[in-house]
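Residue numbers start from 1 in every chain, and the chains themselves are labelled A, B, ... in the order their sequence lines are given, proteins ahead of strands. The figures here come from the full heavy-atom set of this structure, side chains too, leaving out hydrogens, waters and symmetry mates.
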Amino acid sequence: MPKYWLMKSEPDVYSMDMLARDGKQNWDGVRNYTARNNMRAMALGDLALFYHSSCEPPGVAGLMRISKLAHPDPSQFDPKSPYYDAKSKREAPRWDMVTVEPVQKAPTFVTLAELKADPKLEGMVVRERGVRLSVQPVTPQHFARVLDLAGLRLKKG
DNA sequence: GCCAACGTTGGC
DNA sequence: GCCAACGTTGGC
């Protein structure tokens, strides 16, 4: 059983289009323990919604797949990186990243306002005010509904 | 640009 | 181990 996720990125920094162009990307820079733990709970083949945050409008821009399990994020050891963490030791890395690959850009961008307006998406974490978790779990029901709104269709296995 | 809500840090 | 202060997230 695959699990489902939502992962936020500011599109100015990294967007769904860039992921589609790059083919795969290390999801680095996560510096929140809950978000990190969610990445550690991911399995190969898990699907994630690519969410654009801090932009107008915020919302779901596409679908991606986890292609490499959580492994240490090298930026934590790089003093020149904005994600540098002086307290993290190489023998005990504090921060992980996963590698993601694009599945498909959403034919229809689904805005946060639309997510909030949909009765079927009640309880979805991203809708909650003040919750700023950048890697969050999504229920299978919510996930299927968002794919529907986005015009995304999974190939039948 | 504002600022509420949050997570983290560090003094005690 | 409490909790105030601080820095950050992220919608608006």
Here the distance between atom P of C:dG11 and atom CD of A:Glu114, to the nearest Å, is 14 Å
Do A:Asn38 and A:Trp5 have side-chain N/O donor and acceptor atoms under 3.5 Å apart? no
Can you tell me how far CG of A:Leu133 sits from NZ of A:Lys8, rounded to the nearest 0.5 angstrom? 6.5 Å
Per the side-chain hydrogen bond (donor to acceptor under 3.5 Å, both in side chains) rule, what does the pair list look like for residues 67-80 of chain A, sequence neighbours excluded? A:Arg31-A:Asp73, A:Arg31-A:Ser75, A:Asp73-A:Ser75, A:Gln76-A:Ser88
Taking a hydrophobic cluster as the set of Ile, Leu, Val, Met, Phe, Trp and Tyr residues connected by side-chain heavy atoms closer than 4.5 Å, whether directly or through intermediates, do A:Tyr4 and A:Val103 fall within one such cluster? yes
Between N or O atoms, less than 3.5 Å apart, protein on one side and nucleotides 6-9 of chain B on the other: list the pairs.
from  : atom 1 : to       : atom 2 : distance (Å)
B:dC6 : O2     : A:Arg132 : NH1    : 2.4
B:dC6 : O2     : A:Arg132 : NH2    : 2.8
B:dG7 : O4'    : A:Arg132 : NH2    : 3.4

Taking atom P of C:dG10 as reference, at what distance in whole Å does atom CD of A:Glu56 sit? 16 Å
Nucleotide C:dG11, atom P - distance to NE2 of A:His52 in whole Å: 12 Å
A:Arg40 meets the salt bridge (charged side-chain N to carboxylate O under 4.0 Å, His left out) criterion, sequence neighbours left out, with A:Asp96
Taken to the nearest whole Å, CD/A:Glu128 to P/C:dG10 is 14 Å
Please determine which of A:Leu49, A:Val30, A:Val135 meets the side chain to side chain contact (heavy atoms under 4.5 Å, CB included) test together with A:Met7. A:Val135
